[in-house]
There are 2 protein chains.
Amino acid sequence: MTGRRPATLQDVADAAGVSLATASRALNGGTRRVKDEYRERVEAAADRLGYSVNSSAQSVALGRARSIALVVSDIADPYFSQLASGAFRAAARDRLVVTLAMTEWDPARELDIVRELRGQRHRAIILSGSRVDDEDAAERLLAELLAFESEGGRVIVLGRPGLPFATLEIDNAGGAAELARRLSGLGYERIAVLGGPARLDAARSRVGGLVTGFAAAGVAVDPSLVVESDFTRDGGYAAAGEVLERIADVDLVVAVNDVMAVGAMTRLREAGVAVPGDLAVAGFDDIAMLRDVAPSLTTVRLPLEDMGERALVLATVEGRDPVREVVSGEVVLRDSTPSR
Amino acid sequence: MTGRRPATLQDVADAAGVSLATASRALNGGTRRVKDEYRERVEAAADRLGYSVNSSAQSVALGRARSIALVVSDIADPYFSQLASGAFRAAARDRLVVTLAMTEWDPARELDIVRELRGQRHRAIILSGSRVDDEDAAERLLAELLAFESEGGRVIVLGRPGLPFATLEIDNAGGAAELARRLSGLGYERIAVLGGPARLDAARSRVGGLVTGFAAAGVAVDPSLVVESDFTRDGGYAAAGEVLERIADVDLVVAVNDVMAVGAMTRLREAGVAVPGDLAVAGFDDIAMLRDVAPSLTTVRLPLEDMGERALVLATVEGRDPVREVVSGEVVLRDSTPSR
DNA sequence: CTGTTAGCGCGTTCAT
DNA sequence: ATGAACGCGCTAACAG
């Protein structure tokens, strides 16, 4: 049972009594210049033999695979899983295969992955994780991506500015600034920021936007109340613990993403701090699970699923123009930040 | 910039002044039977030329790819994204590539996907979505999987019983029955079940387990209070709406998975029904986001990440024995179901 | 230990 | 419109 050889195109051709070339054209050839009778015979034979193209061989012959690679930081993070979901939906429409890879926020691993992906000759590589500062890795990553592109592959960058490829940029600073403006309009003025890791580009931009935005509204963010942490739910949970120690100085906690905000809310709840009664909370991204947390969380909405779809479209489009689209978030005020 | 040909192994060999075979052995050959001097020269040349193996060609030569395919229903669903996360982590250890495919709960699409994956000559296909009743599709799916296996591929089935492949089975009925037993022990006796779609195997098993478990404890579940719906958050939300109409007859709502339970809690909250004050709620799976919902949700814990890892290990292991492991859930009582 | 050579399965000229 | 023959990049005998 375990030794049968997969039916090959030659087998199909033989069974149909035609040449390999004809079978190829009938089955996988784009140009339909095959007599109907032959075509039917070939299809029947293929069906009977349970034939299925060897896509590796196809890739070798064609020089490139029918697949797209998507690189994420952590697929269990709702931000990335929603992004990926959108990408998969779009890929299905074009019968494209998607290979997913997970960096776990590690630049070295990201480099390894891209190198590996390059060898797989994908049509495109979509890089969706945020940039992590690491001079050396960044340079080598760029080299690898440039090589991939020069070999005819396409590179799409999602939410990581400054790379010479088609880019779907997220206006992190702008969204954060607008959020700050709206929140200060509600009367908040003693701000704690759960800032994520400083070496993460997206985190830094959001913190910067918040500080700028509050400043523009006349609210100074105390730097000692900007606490670093992981960009994850646990990071938010832990960071909230630090804020608790100075709770008297704070009326609003803004996390640089939703998973952190949600983790923080849990930490506060455990400490008996009422949200928003004692402390208001806001996040960033508008991940799907927010529909089910209470109180409902104020945030900056990003069209995550659409972004995933869009990235995949950019990946398949033929145009060689270095697109650069900017996605801006929309502030959504909810129960976690009532007017004071 | 867009026309360069990828460096080939032959290029590397030429640059290093050795034969193709030597270059192959030095770079990708497992057995290190290459003189160090040559090896170094080859590696240097490869580096200089920015060489990267064409894994398609490698696959053609070897007859099989260094990759695993993972089929999920919806990657945005926490159940699957946690599963996938575990699988990716395990795959990284073996430097294995993982191709992900999403069926969106559609048996026809699942069949298409498996057919496509077969052509990609993966080492293994992991099927993680639950079975959806569809005689015709099921039969053809089985045929496709058997063909894949007979060609030397490995099939791993996760949470779908009755297929002749290595199986990681989930004791849905047992877990549900135990949950029912414990809940009835807390004093609940007027039960509503958010049952998911009847055509979904996992959903049906869990409903069955609940009914059996409650019956064993002397509690009869009113069949008219078992409401069908989608296996999703929105399904739970909608189903809770139906339960609201008969709220006087109910003291506990059990959903067949956590996302549904969480959606239901939101629906109840919106209707002004207090959980657990007016109504208790329980779910199934123990997805990660439960850490952040309030009140904390009673559920049946499944080691999702471990299961993903385990599936990947089964996929890579050589043994041809038809493994069949059973994962049983552990009931976790939390605040959403206090003793009455 | 190294080089030569024959495949792997498929797409695609180039004749016919 | 069809078939024969070559090439894609790589691995694995087989000889040396």
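First the proteins, then the strands, lettered A, B, ... as listed; each starts at 1.
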Worksheet entry | Check: A:Gln58 main-chain N/O paired with A:Ser55 side-chain donor or acceptor under 3.5 Å |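 Not confirmed, A:Ser55 side chain does not pair with A:Gln58 backbone.
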Worksheet item: Does B:Arg95 reach the main-chain N or O of B:Ala92 with its side chain, forming a donor-acceptor pair under 3.5 Å?
Response: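 Answer holds: no.
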Discussion item. Quick check on side chain to side chain contact (heavy atoms under 4.5 Å, CB included): which of A:Val71, A:Leu70, A:Ile156 does A:Ile125 satisfy it with?
Written reply: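 Single side chain to side chain contact (heavy atoms under 4.5 Å, CB included) partner of A:Ile125 among A:Val71, A:Leu70, A:Ile156: A:Val71.
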Worksheet item: What nucleotide, of C:dT2, C:dC10, C:dG7, holds the atom closest to the side chain of A:Val53?
Response: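 The listed nucleotide nearest to A:Val53's side chain is C:dC10.
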Worksheet entry | Most 5' of B:Ala23 and A:Ser55 on DNA chain C, judged by nearest nucleotide |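 Per heavy-atom nearest nucleotide, the more 5' residue is B:Ala23.
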Worksheet item: Hey, which of these two, B:Leu20 or B:Ala61, hits DNA chain C nearer its 5' end, going by closest nucleotide?
Response: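 On the 5' side of the pair lies B:Leu20.
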Atom [atom1] of [X] to atom [atom2] of [N]: distance rounded to whole Å?
| X | N | atom1 | atom2 | answer |
| --- | --- | --- | --- | --- |
| A:Arg66 | C:dG9 | CZ | P | 22 Å |
| A:Asn54 | C:dC10 | CG | P | 6 Å |
| B:Asp36 | C:dT2 | CG | P | 9 Å |
| A:Arg64 | C:dG11 | CZ | P | 17 Å |
| A:Arg25 | C:dC10 | CZ | P | 15 Å |
| B:Arg39 | C:dC1 | CZ | P | 10 Å |
| A:Leu27 | C:dG9 | CG | P | 16 Å |
| A:Leu62 | C:dC10 | CG | P | 12 Å |

Worksheet item: Taking only residues two or more places apart in sequence, or in another chain, which ones meet A:Arg115 in a salt bridge (charged side-chain N to carboxylate O under 4.0 Å, His left out)?
Response: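 A:Arg115 satisfies salt bridge (charged side-chain N to carboxylate O under 4.0 Å, His left out) with A:Glu144 once adjacent residues are dropped.
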Worksheet item: Is A:Arg66 salt-bridged to B:Glu116, going by a charged N under 4.0 Å from an acidic O?
Response: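 Not counted as a salt bridge, because no side-chain N and carboxylate O are separated by less than 4.0 Å.
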Worksheet item: Quick one: the side chain of A:Arg5 and the base of C:dG9, do they pair up donor-acceptor inside 3.5 Å?
Response: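 Check fails, no donor-acceptor contact within cut-off.
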Worksheet item: Do B:Ile75 and B:Leu100 have side-chain heavy atoms sitting under 4.5 Å apart?
Response: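 Counting from C-beta outward, B:Ile75 and B:Leu100 do come under 4.5 Å.
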Worksheet item: Going 5' to 3' along DNA chain D, which nucleotides are the first and last within contact of chain A (any atom under 4.0 Å from a heavy atom)?
Response: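 So the outermost contacting nucleotides come out as D:dA1 to D:dC8.
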Worksheet item: Does C:dG11 have OP1 or OP2 sitting under 4.0 Å from an N or O in the side chain of A:Gln58?
Response: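 Yes, A:Gln58 has a side-chain N/O under 4.0 Å of OP1/OP2 on C:dG11.
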Worksheet item: Are A:Ser24 and C:dG11 close enough that a side-chain N or O sits under 4.0 Å from OP1 or OP2?
Response: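 Checking A:Ser24 against C:dG11: at least one side-chain N or O falls below 4.0 Å of OP1 or OP2.
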Worksheet item: Are B:Ser59 and B:Ser56 linked by a side-chain donor-acceptor pair shorter than 3.5 Å?
Response: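 The answer is no; no qualifying pair exists.
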